[in-house]
Amino acid sequence: MDLCYSLTTQFGGRTRELCSSSQDVPLVLRRLESCESMSELKRIHARVIRTRALQADNVIGKILRSSALSSTGDLDYARDVLTAVEGFNRCHYNTIIRGFASKRSLEETFSIYCRMLENGLYPDNFSLPFLIKACTESLARSAGKYLHVHAIKIGMDSDIYVKNNLVRMYVVFGELDAAHELFNKMPLRDIITWTTLISGYAKAGYAREAIRLFQEMGDANMVADEVTVTVVLSSCSALGDLNLGKVLHGYVKINRMNVDIFVGNALVNMYLKCGDSGSAYQVFREMPKRNVVSWNSLISGLVDQGDFKAALSLFRRMQQEQIKPDDVTIVAVLNSCSNLGAHELGKWIHVYIQRNSIKADGFIGNALVDMYAKCGSINQALQVFQGMACKDVYSYTAMIVGFAMHGQAKKALSLFHEMLKEGIRPDSVTFIGVLSACSHSGLVDEGRRHFQEMVKLYDLEPQIQHYGCMVDLLGRAGLLEEAEEFIKHMPIESDGFVWGALLGACRIHGKVDMGERILQKVLELEPEDEGGYVLMSNIYSSANRPWDSVKVRKQMKTQKVRKMPGSSLIEVDGIVHEFRAGDESHCKTIEIYMMLEEIISLLEAESGVMLDTKTTSLGVGKGEHLLCSHSERLAIAFGLISTGHGTPLRIVKNLRVCSDCHSVTKKISKLYNREIIVRDRNRFHHFNGGVCSCMDFW
DNA sequence: TCCGGTGCCT
């Protein structure tokens with residue numbers, strides 16, 4: 001500060017001596033060059049104003065550059081200079097326009113531009129691109145197009161810098177055809193022209209067109225740079241084109257291109273989207289520099305692949321390395337918690353959000369609602385939802401789907417009406433929530449009405465999922481013939497899910513003959529899926545036809561059907577433990593099986609009969625011992641020995657809960673006085689005091 | 001002046 005002051009004083013003294021002569025301009029320029037603060041600059045300018053001789057173009061230009069373009073500058077001051085000084089030239093205007101275009105509103109920028117025109121001056125290739133850029137960023141279509149016309153009129157449209165910005169403007173406006181037309185007319189294109197257009201197609205979702213243009217660019221002997229590679233890699237990710245992705249990676253290596261943060265992140269993302277997580281990890285490890293986006297690419301890539309445990313362990317590593325997570329990280333981690341039912345970690349993230357004053361709105365709020373709902377805390381979900389200042393269609397849908405999964409159809413429907421009252425337009429996913437709510441609670445007429453309204457009032461084309469919901473709704477309610485007719489009259493092709501829903505209804509209502517017929521449909525559509533066989537086997541068992549049940553099992557084995565192993569997750573102390581049927585790999589296996597023995601003997605003593613083994617599960621087959629070790633029972637036993645009395649147990653299953661486990665779990669909840677919350681493939685079951693929230697309707 | 005990562009689903 002003192003130094004600055006003494007320099008200024010010194011300079012002030014010199015100026016007084018020398019101010020009468022234009023010979024002193026170089027000295028003033030040198031002083032301006034070494035000037036370090038805005039206040040010092042203003043003092044120098046004050047001296048300059050006192051003597052007209054010093055008001056040379058380059059002196060004014062330097063003052064403008066410092067105040068308009070430097071990060072410590074003062075744009076308002078620059079504008080005042082413009083007002084105070086006469087004889088501004090084009091370069092002066094260029095400087096101010098550049099400053100305003102990058103830091104101020106479009107209106108303010110254009111007011112300078114208009115003054116320039118009023119003074120008979122036109123922008124050139126130094127300022128026009130910045131004006132175009134300002135329009136691009138403000139999405140000011142008409143102003144941008146006016147500039148385009150103007151550029152042609154003043155003959156500025158041949159400049160490649162101007163043209164590249166025009167191409168980008170049309171790209172951002174979503175007018176790809178206009179951008180492409182301009183591109184075609186350009187006599188000269190550089191790598192930026194090509195990349196801008198390619199990126200336009202890539203971002204608009206036309207990945208194939210982006211790749212085609214990239215090949216055309218190669219044919220035109222244009223060499224790709226890091227940015228081009230990044231853009232094309234993102235198109236490979238969108239298409240899942242691992243081969244082209246590898247070619248690009250090879251290209252980067254051969255040309256010894258700099259694997260900068262963008263190329264590295266795009267490579268990580270590409271490998272994950274193409275299912276090659278090994279290569280993704282390798283690129284990530286070898287990256288010379290990483291940022292939070294690199295971590296996010298890896299974490300959300302793993303989430304996309306369904307490897308939620310890997311995503312969470314990566315998040316832990318990120319914290320060990322003290323990388324601060326951002327919004328995207330938090331959304332990806334919450335998403336993993338939702339899928340794993342990792343309630344404790346989810347709550348921890350919520351606290352983290354509050355502690356760091358991160359707003360629980362938008363993406364994060366929606367992800368929190370979804371997390372709480374899927375971790376079984378529907379009331380917490382509602383609390384977060386109600387606390388959100390801005391709720392969009394995603395927020396409402398997440399909450400409606402949450403209520404539906406918990407069997408709270410009335411709340412789901414009243415929230416749906418509240419959403420309509422707020423003027424938020426439901427989308428097709430909202431209706432999946434609404435229809436599945438009706439289905440889980442047997443509200444047939446409501447469901448039918450909403451299905452019709454979605455077409456009539458909201459102009460939404462029902463998708464296969466909606467038809468699936470309707471078949472489920474009708475089938476569960478016992479309207480099996482109507483459900484079958486409904487499938488036959490569907491305007492779109494049916495799939496295994498739709499017929500599977502009907503087969504499930506046959507199981508609920510014990511319809512053996514119909515089941516046999518429907519199974520054939522399911523097998524035609526999904527020959528490799530075990531679901532149909534399992535349901536049919538259960539139908540035979542319930543109908544006291546064990547030999548037919550065995551026959552279906554054998555058939556399944558000879559058809560080499562892929563089996564989805566049943567698994568159950570339970571989180572204890574923030575760690576998610578996974579169990580499979582008959583699993584003996586857990587470090588507490590002995591205690592777990594001892595607990596199971598205790599449960600079984602207590603239950604048998606209480607009921608006085610052997611356990612209900614009517615609905616046996618397939619793929620177990622090793623006898624009574626394994627029958628009692630379905631994955632969720634192992635998880636429950638582990639939960640009982642690992643947590644204190646009264647702690648609710650939260651289990652997440654990847655399949656539907658079988659009726660045997662359902663009745664056992666009800667009894668356990670009463671016997672051990674524990675709330676047990678089970679999320680199966682379809683919905684939640686809250687077991688408490690011997691009853692389940694689904695009222696045995698599932 | 002061109003570039004990378006995010007949510008609701010039978």
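In what follows, chains are A, B, ... by sequence order, proteins preceding strands, each numbered from 1. Keep in mind that what you see is a predicted model, and the values were worked out from it rather than measured.
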Item to check | Nearest to side-chain heavy atoms of A:Val227, which nucleotide of B:dG4, B:dT6, B:dC2 | outcome: B:dC2

Item to check | Over-ring placement of A:Arg425 relative to A:Tyr458, 6.0 Å and 45° cut-offs | outcome: no

Next on the checklist: In whole Å, I'd like the distance from the CG atom of A:Asn335 to the C1' atom of B:dG7.
Outcome noted: 7 Å

Item to check | Whole-Å distance separating the CZ atom of A:Arg290 from the P atom of B:dG4 | outcome: 21 Å

Checklist entry - Are the ring centres of A:Phe451 and A:Tyr467 closer than 6.0 Å? => result yes

Next on the checklist: For a quick check of understanding: with a heavy-atom distance under 4.0 Å over all strands, which category does A:Asn269 fall into, base, sugar-phosphate or nothing?
Outcome noted: sugar-phosphate

Checklist entry - Is there a side-chain polar atom (N or O) of A:Arg168 under 4.0 Å from OP1 or OP2 of B:dC3? => result yes

Checklist entry - Which nucleotide sits closest to the side chain of A:Asp225: B:dC2, B:dC3, B:dT1? => result B:dC2

Item to check | Nucleotide nearest A:Val331 (side chain, heavy atoms from C-beta), chosen from B:dT1, B:dT10, B:dG7 | outcome: B:dG7

Checklist entry - Taking the side chain of A:Thr196 as heavy atoms from C-beta outward, which of B:dC2, B:dT10, B:dT1 is closest to it? => result B:dC2

Next on the checklist: Nearest whole Å is fine: how far is B:dC9 C1' from A:Asn366 CG?
Outcome noted: 15 Å

Checklist entry - Over how many whole Å does the gap from A:Met470 atom CE to B:dC9 atom P extend? => result 20 Å

Item to check | Over-ring placement of A:Arg189 relative to A:Phe183, 6.0 Å and 45° cut-offs | outcome: yes

Next on the checklist: Categorize A:Val401 for me: base, sugar-phosphate, or nothing, with a 4.0 angstrom heavy-atom threshold over every strand shown.
Outcome noted: sugar-phosphate

Item to check | Pairs flagged by side chain to side chain donor-acceptor pair (under 3.5 Å) wherever residues 485-494 of chain A is involved - sequence neighbours left out | outcome: A:Ser494-A:Trp499

Checklist outcome for this item: A:Ile492 atom CD1 is separated from B:dT10 atom C1', nearest whole Å, by 12 Å

Next on the checklist: What is the distance, to the nearest angstrom, from the CD atom on A:Glu226 to the P atom on B:dC2?
Outcome noted: 15 Å

Next on the checklist: Within the 4.0 Å heavy-atom criterion, would you say A:Thr397 contacts the bases, only the backbone, or no part of the nucleic acid?
Outcome noted: base

Item to check | Pair of N/O donor and acceptor under 3.5 Å linking B:dC2 base with A:Thr195 side chain | outcome: yes

Checklist entry - Quick one: the side chain of A:Gln465 and the base of B:dC9, do they pair up donor-acceptor inside 3.5 Å? => result yes

Item to check | A:Phe416-A:Tyr396 aromatic ring centre distance below 6.0 Å | outcome: no

Checklist entry - Just wondering, do A:Phe497 and B:dT10 stack (centres under 5.5 Å, planes under 30°)? => result no

Next on the checklist: Expressed as a whole number of angstroms, how long is the span from A:Ile424:CD1 to B:dG7:P?
Outcome noted: 20 Å

Checklist entry - To the nearest angstrom, how far is A:Arg683 atom CZ from B:dT10 atom C1'? => result 14 Å

Checklist entry - What's the verdict on ring-ring contact (aromatic ring centres under 6.0 Å, His included) for A:Phe315 and A:Trp295, showing C-alpha distance, side-chain angles and the deciding distance? => result CA-CA 8 Å; A:Phe315 174 64; A:Trp295 287 88; 9.6 Å; no

Checklist entry - Just checking A:Ile261: base, sugar-phosphate only, or nothing, at a heavy-atom cut-off of under 4.0 Å? => result base

Next on the checklist: Under 4.0 Å, heavy atoms only, any strand: does A:Ser436 hit a base, just the sugar-phosphate, or nothing?
Outcome noted: nothing

Next on the checklist: Considering every strand and a 4.0 Å limit on heavy-atom distances, what is the contact class for A:Lys163: base, sugar-phosphate, or nothing?
Outcome noted: nothing

Checklist entry - Of the nucleotides B:dC8, B:dT10, B:dC2, which one has an atom closest to the side chain of A:Ile192? => result B:dC2

Next on the checklist: On the nucleotide B:dC9, are OP1 or OP2 found under 4.0 Å from the side-chain N or O atoms that A:Lys374 carries?
Outcome noted: yes

Checklist entry - Given B:dT6, B:dC8, B:dT1, which nucleotide is nearest the side-chain atoms of A:Asn164? => result B:dT1

